[in-house]
Asker: 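Shown below is the structure under consideration.
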Protein chains: 2
Amino acid sequence: MRRPTIADIARRAGVSSAAVSFALNGRPGVSEHTRQRILAAADALGWQPNTAARALSAKRAGAVGLAVARPARTLGVEPFFMQLISGIQAELSERANALLFHLVEDVDAEIGLYRKWWAERRVDGVLVVDPRTADPRPAALRALGMPAVLAGGPDPAGILPGVWIDDARAMARIVAHLRELGHVRVAHVSGPSGLLHTERRSAALHEATRPGATGTTGPTTVTTDFSDTEGARATRSLLSAADRPTAIVYDNDVMAVAGMSVARQAGLAVPADVSIVAWEDSTLCRVTHPTLTTLSRDASRFGATAAGRLLALLDGEPPADVEFDVPELIVRESTAPPPA
Amino acid sequence: MRRPTIADIARRAGVSSAAVSFALNGRPGVSEHTRQRILAAADALGWQPNTAARALSAKRAGAVGLAVARPARTLGVEPFFMQLISGIQAELSERANALLFHLVEDVDAEIGLYRKWWAERRVDGVLVVDPRTADPRPAALRALGMPAVLAGGPDPAGILPGVWIDDARAMARIVAHLRELGHVRVAHVSGPSGLLHTERRSAALHEATRPGATGTTGPTTVTTDFSDTEGARATRSLLSAADRPTAIVYDNDVMAVAGMSVARQAGLAVPADVSIVAWEDSTLCRVTHPTLTTLSRDASRFGATAAGRLLALLDGEPPADVEFDVPELIVRESTAPPPA
DNA sequence: CTGTTAGCGCCTTCAA
DNA sequence: TTGAAGGCGCTAACAG
């Protein structure tokens, strides 16, 4: 049997197809009585809208895109993205929108994909993640006229509306915890220097620990590519310095674990000799010994909010930024007072 | 400026829109000369097909779906899925297809989503992962008449075509390695009993190590939910038994890491007292001490093949199963001869 | 308040 | 080989 169409419903209910369309979309133009009759007919036939037809007519794909330019390896090892996606989907599903997800090589490929998606009208807009310094994406999206929301920070270019977590205050919270314990020399093993959130964290650490002001010495930031290998290398160089830090803050969990191994190999105990903090709570942080003190963000809610902002934008609402509360610091076993 | 349409190209090239359609789709009906002229015009205008219009007309969405019923937490911690997706996308992109990705609560929700996707004609078919015992999905998909490929095993119901890796022979390979080292008592910390690939592994281990036949004693399999917590619990119970195993095979990396911690806490050295093998190579397996001996699969190629089979199915090719080669065993530091 | 009508952009018959 | 015409299923203008 053929899939029922609006024309079928119209025939069954004895009205025009336009009336059916109105009734189905809950808009004025039909009396309550006929609306009920139409809905009953649609229900009896098991009608479902054909997205292609709706998209063609309404000039709206009913889908949004998410392209991610990170190596699959890095992505898979972090729970952040999956939870982000989970949150995005919860929000999208509620409004009958689908998510097109795509892994890309780099930002250029990402822009190329946006161009393609937009030209084909595959999506109505996109969620942009991992904002960078000198990020070409906002300008490219504006040039395309493609609706977008930046998830992960305010747009420095002021083009795209953003949704973000306050990294600066999160870092301040970590520093406060370490200072309470008595730490003076705090180091930071960060992600690539091109990523905005990483830059913000470094800047915040430098601000919070500037010499004199707070009783801590100026910190050292070592940048990495987020991998365990570079996390280990960075830790090795930090710990072998003359004035080695008594606490190290890592920009993700994998590097924190790798760093902890390096410390142990170097004959240092965690947290007795060196304290460790990971930025991102995950299973990984709880299976290690000692368990890791981490910063915990609600990635799911973050994703839902970003998706919600994008849908609002598509509905014609004015662009607006949303800043989240400062994430929680989960204190576990990897932080303790520094050695005397 | 308006997005160019076929009518625009036709006007520019001075031909009919039908001629343009023929030229663009590389089918007979236009002379080579006009075809070139048309292609040049399309190029000059930067024309791209509108997917909604094409989908409506061709009755084909140009998209396939992937719904995953695993907790986000479990997903995110394993690199397998991201690489799988990466492979799927590479194959789909090549043929101008998009991927709709969706996380669902359970198999029932998954079937509900298939029903919805199919009713809306959102996708042309789906990739089904994590086949289970008494899996309701193949029958549900057949009832819907929805094209699908099962990624992760042959369909026991014989309904869906499948793409899979030979778990039985992979397990045999692990057992061979352990036997060479001299292990006699091998235990298995598996995933949930409902998952087919987990069942296959357990069965293979039991087969390979049945008493007498191979010089090993009958193995013990403990099922878990894949989490680190249950992996730890299972390890604790295995190691505290009177006849404790000298080697343990884990169904993923997280549990192997958790198990290693438990062994250490129990005063056992890895691999001196107990050897450990993880099923899945990931960063996690290389940052631990000792590094983990793992089974390595090519998830990306696996995904690409599955996607390729689905597209072939959509093109009307007959369903066909594809079995992969046995995955490689990467021997690292966590396996050694058992204690004397 | 209702129903008719004409597209949305593409593909594909049919005649010419 | 080409052009005209119609339909895919839905929505949004119109008139009635």
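Below, chain A is the first sequence line, B the second, and so on; all start at residue 1.
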Asker: Rounded to whole angstrom units, what separation is found between the CZ atom of B:R11 and the P atom of C:dC10?
Answerer: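 Whole-Å distance recorded here is 12 Å.
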Asker: Which pairs, protein N/O on one side and nucleotides 12-16 of chain D N/O on the other, fall under 3.5 Å?
Answerer:
unit_1, atom_1, unit_2, atom_2, d
D:dA12, OP2, A:R27, NH1, 3.0

Asker: Without placing hydrogens or testing angles, list every side-chain donor-acceptor pair under 3.5 Å for residues 138-164 of chain B, not counting sequence neighbours.
Answerer:
unit_1, atom_1, unit_2, atom_2, d
B:D155, OD1, B:A157, N, 2.9
B:D155, OD2, B:I159, N, 3.0
B:D155, OD2, B:L160, N, 2.8
B:W164, NE1, B:E323, OE1, 3.0

Asker: Would you mind writing out the side-chain donor-acceptor pairs for residues 49-57 of chain B within the sub-3.5 Å range, not counting sequence neighbours?
Answerer:
unit_1, atom_1, unit_2, atom_2, d
B:N50, OD1, B:A52, N, 2.8
B:N50, OD1, B:A53, N, 3.0
B:T51, OG1, A:E120, O, 2.8

Asker: Can the positive tip of B:R121 be found less than 6.0 Å from the middle of the six-membered ring of B:W118, inside 45° of the ring normal?
Answerer: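 The answer is yes; both the distance and angle limits are met.
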Asker: Need one value for B:I6: base, sugar-phosphate or nothing, where a base atom within 4.0 Å counts as base even if backbone is also close, heavy atoms only.
Answerer: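 Counting heavy atoms under 4.0 Å across all strands, the contact made by B:I6 is with sugar-phosphate only.
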Asker: If you assign B:G14 and B:L56 each to the DNA chain D nucleotide with the nearest heavy atom, which residue ends up on the more 5' nucleotide?
Answerer: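 Its nucleotide being nearer the 5' end, the pick is B:G14.
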Asker: Mind checking whether B:R137 and B:R132 have side chains closer than 4.5 Å, heavy atoms only?
Answerer: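 Yes. Closest side-chain heavy atoms under 4.5 Å.
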Asker: For B:Q48 and C:dC10, give me the distance from atom CD to atom C1', rounded to whole Å.
Answerer: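 So the CD-C1' distance, B:Q48 to C:dC10, works out to 15 Å.
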Asker: Using atom CG of B:N50 as one end and atom C1' of C:dC8 as the other, report the distance to the nearest whole Å.
Answerer: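 Atom-to-atom, B:N50 to C:dC8, this comes out as 8 Å.
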Asker: Which pairs, with at least one residue in residues 304-325 of chain A and sequence neighbours excluded, count as a ring pair (Phe, Tyr, Trp, His ring centres under 6.0 Å)?
Answerer: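 For residues 304-325 of chain A: A:F302-A:F324.
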Asker: A:S21 side chain to A:S17 main-chain N or O, any donor-acceptor pair under 3.5 Å?
Answerer: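 No, the answer is negative, given that no donor and acceptor are paired below the 3.5 Å cut-off.
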Asker: Could you check how far CZ of B:R122 sits from P of D:dG9, rounded to whole Å?
Answerer: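 B:R122 atom CZ is separated from D:dG9 atom P by 17 Å.
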Asker: Just N and O in the side chain of B:T5: are any of them under 4.0 Å from OP1 or OP2 of C:dG9?
Answerer: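 Checking C:dG9 against B:T5, no side-chain N or O comes under 4.0 Å of OP1 or OP2.
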Asker: Whole-Å distance between D:dG3 C1' and B:I9 CD1?
Answerer: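 Result: 17 Å.
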Asker: Grab the CG-C1' distance between A:D124 and C:dC8 for me, whole Å please.
Answerer: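 Nearest whole value for this atom pair: 15 Å.
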Asker: Any side-chain heavy atom of A:L84 within less than 4.5 Å of one from A:L127?
Answerer: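 Counting from C-beta outward, A:L84 and A:L127 never come under 4.5 Å.
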Asker: Taking only side-chain nitrogens and oxygens of B:K59, does any of them come within less than 4.0 Å of OP1 or OP2 of D:dG9?
Answerer: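 True: B:K59 side-chain N/O within range (under 4.0 Å) of D:dG9 OP1/OP2.
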Asker: Compile the donor-acceptor pairs under 3.5 Å between side chains in residues 96-108 of chain B and protein atoms, sequence neighbours left out, one pair per line.
Answerer:
unit_1, atom_1, unit_2, atom_2, d
B:H102, NE2, A:S93, OG, 3.1
B:D106, OD1, B:D108, N, 3.2
B:D106, OD1, B:A109, N, 2.8

Asker: What is the distance, rounded to the nearest whole Å, between atom CD of B:E120 and atom P of D:dC10?
Answerer: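 So the CD-P distance, B:E120 to D:dC10, works out to 11 Å.
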Asker: Name the stems with DNA chain C in them: runs of three or more consecutive Watson-Crick or G-U pairs, distances under 3.5 Å?
Answerer: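 So the stems come out as C:1-16 with D:1-16.
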Asker: Rounded to whole Å, please give me the gap between CZ in A:R35 and P in C:dC1.
Answerer: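 Taking CZ of A:R35 and P of C:dC1, I get 10 Å after rounding.
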Asker: C:dG9, OP1 or OP2 - any side-chain N/O from B:R54 closer than 4.0 Å?
Answerer: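 No, outside the criterion.
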Asker: Could you check B:V15 against A:A52 and say which one's nearest nucleotide on DNA chain D is further toward the 5' end?
Answerer: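 Looking at DNA chain D, the more 5' nearest nucleotide goes with B:V15.
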Asker: Mind checking whether A:R37 and A:V15 have side chains closer than 4.5 Å, heavy atoms only?
Answerer: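 Result yes, sub-4.5 Å side-chain heavy-atom pair found.
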